[in-house]
Number of protein chains: 2
Amino acid sequence: MTEHGESARGEAESPSAERGRRGAGRDRGHADARLRSHDLQLDERSKAIIEALQHDGRRSYADIAKEVGLSEAAVRQRVAKLVENGTMQIVAVTNPMQLGFQRQAMLGLQVTGDLAPLADEICGMEQVDYVVAAAGTYDLLVEVVCEDDEELLALLGRIRTLPQVLRTEVMTYLKLWDQRYNWGTR
Amino acid sequence: MTEHGESARGEAESPSAERGRRGAGRDRGHADARLRSHDLQLDERSKAIIEALQHDGRRSYADIAKEVGLSEAAVRQRVAKLVENGTMQIVAVTNPMQLGFQRQAMLGLQVTGDLAPLADEICGMEQVDYVVAAAGTYDLLVEVVCEDDEELLALLGRIRTLPQVLRTEVMTYLKLWDQRYNWGTR
DNA sequence: AATGAAAATTTGACGAC
DNA sequence: GTCGTCAAATTTTCATT
């Protein structure tokens, strides 16, 4: 079944399906904003389904069904809906460290001018995995993942060269303590 | 993703399976550090497998096999190994916004004393989804996801009350631009 | 890594609540 | 609209090479 595979990402283009928290796909605005957060009211069983899949995205529907007290078909339908909604997506997430990316950092950028085009340009850089506009000291927060210091240095050079970037602060990661993705079920 | 997540930061039970990037699980130290990043050399087919699963974590092995030119069994074995290693994990990631968490922020903390116990305590707060020790202006970067401003305010109150926290800067998220999780295959 | 057979799961359709 | 049952198709598992 390529299917469910497909359906799962089928809409890859589908908005929220594209991202979870950091590390999830890359969706930006939600294309289908039909469903607003306040419209969503998950019952306990859907939450349980999400929790199960947050632990193991390939767990069988039958297995989950037994756990939450629904039929396999019901679980399947709910998962499909959650994915269509963009409420959830099932994906592989990789470990940068294990893959040889040993230098991660958060960049705090103070910029001038229109944020959108700048953000787009920065998003286009392959070492960048997270770009968010913020209110506070920095206008843009950018998380980057590099193989080593040399790559980070080169990246900083490119970013600082951008005309709109006034100041760049580098917050090098020393140790990652915690990271979660269990929204909606806490 | 304990895998990469985990390996990155922990060895949760399944290491990387527990986290991707932000938003992935919550692994911290890697128990099975057998595999160090520099030991890892993925061939093109494993990369292709990872890429396929990054798009759709439930895609069938048979389907992937056709695409990468391996047998189903081979794909399955490689995936199992990648997950065991903590290089990758397949999980559901949810969209905070869609689930009613409309206030996200990055907190920059300046602290004193031993970082570890403080980081652990902050990790224990349910609104916290990402804690990283950094070099720079802030000792600790904490990403939080709240339902609303009231919850954020309450959380800030708790954090600022902690004896070790000298200063807290709040960088409220205005717009999420990009978020990726395709490490290892860029 | 690949093959083949057995077991389990997913899929799609249909009916019921 | 959501759920459950059922049979068919597909996939996964496991032993084997």
Side-chain angles (χ1 to χ4, degrees), chain A residues 1-12 14 17 32 34-92 184-185, chain B residues 1-3 14 17 35 39-85 87-92 94 98-99 184-185:
Chain A
M1 96 124 100
T2 291
E3 259 19 351
H4 84 289
E6 253 123 304
S7 58
R9 74 15 171 7
E11 2 256 1
S14 97
D32 69 329
R34 293 162 301 177
L35 186 68
R36 297 232 139 279
S37 28
H38 56 269
D39 297 330
L40 231 176
Q41 206 15 17
L42 298 178
D43 72 355
E44 291 308 315
R45 289 181 296 193
S46 284
K47 286 187 182 178
I49 292 171
I50 292 174
E51 279 183 49
L53 291 172
Q54 280 174 330
H55 194 69
D56 176 5
R58 288 190 81 94
R59 191 145 168 221
S60 76
Y61 295 137
D63 221 24
I64 298 170
K66 276 180 246 166
E67 191 172 292
V68 306
L70 281 174
S71 69
E72 306 168 9
V75 172
R76 187 187 349 136
Q77 289 162 7
R78 287 187 182 221
V79 170
K81 186 155 292 186
L82 289 169
V83 172
E84 277 169 29
N85 282 344
T87 301
M88 171 178 81
Q89 66 179 325
I90 301 172
V91 294
T185 58
Chain B
M1 114 155 75
T2 295
E3 324 310 22
S14 70
L35 187 67
D39 297 331
L40 232 177
Q41 208 11 19
L42 298 178
D43 72 355
E44 292 309 314
R45 290 180 296 193
S46 284
K47 285 187 183 178
I49 291 171
I50 292 174
E51 279 183 53
L53 292 171
Q54 280 173 331
H55 281 296
D56 176 4
R58 286 190 83 94
R59 193 148 167 218
S60 77
Y61 295 139
D63 220 24
I64 298 171
K66 276 181 246 166
E67 191 172 292
V68 306
L70 282 175
S71 68
E72 306 169 8
V75 172
R76 190 187 341 126
Q77 288 163 8
R78 286 185 185 224
V79 170
K81 187 156 290 184
L82 288 168
V83 171
E84 278 171 30
N85 284 341
T87 302
M88 170 178 81
Q89 67 176 325
I90 301 172
V91 295
T94 51
Q98 288 251 344
L99 293 170
T185 56

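Since we're looking at a predicted model, the values are computed, not measured. Order of the sequence lines fixes the chain letters, A, B, ..., with proteins taken first and strands second; residue numbering starts at 1 for each chain.
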J.: Rounded to whole angstrom units, what separation is found between the OH atom of B/Y61 and the C1' atom of C/dA8?
T.: 14 Å
J.: State, with a plain yes or no, whether a side-chain heavy atom of B/V75 is found less than 4.5 Å away from one of B/R45.
T.: no
J.: For the CD1 atom of A/I90 and the CD1 atom of B/I90, what is their distance to the nearest 0.5 Å?
T.: 10.0 Å
J.: Tabulate protein N/O versus nucleotide N/O from nucleotides 14-17 of chain D, keeping only pairs under 3.5 Å, one per line.
T.:
none

J.: To the nearest 0.5 angstrom, please state how far the CG atom of B/L53 sits from the CG atom of B/L82.
T.: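 Nearest 0.5 Å value for the CG-CG distance: 9.0 Å.
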J.: On the nucleotide D/dT12, are OP1 or OP2 found under 4.0 Å from the side-chain N or O atoms that A/R58 carries?
T.: yes
J.: Between atom CD of A/E51 and atom CD1 of A/I64, what is the distance when rounded to the nearest 0.5 Å?
T.: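 Here the rounded value is 11.5 Å.
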J.: To the nearest Å, give me how far apart CZ (A/R59) and C1' (D/dT12) are.
T.: 17 Å
J.: Which pairs pass side chain to side chain donor-acceptor pair (under 3.5 Å) with one or both residues in residues 63-79 of chain A, sequence neighbours excluded?
T.: A/D43-A/R78, A/S46-A/R78, A/R59-A/D63, A/R59-A/E67
J.: In residues 62-72 of chain A, what residues come within less than 4.0 Å of DNA chain D, judged by heavy atoms?
T.: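 DNA chain D contact set from residues 62-72 of chain A: A/L70, A/S71.
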J.: Quick one: list whatever passes side chain to side chain contact (heavy atoms under 4.5 Å, CB included) with B/A48, sequence neighbours left out.
T.: B/V68
J.: In whole angstroms, how far is the P atom of D/dT2 from the NZ atom of A/K81?
T.: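 Distance, rounded to whole Å: 4 Å.
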J.: For the helix from C/dA1-D/dT17 to C/dC17-D/dG1, what angle lies between the axis at the first five pairs and the axis at the last five pairs, to 10 degrees?
T.: 40°
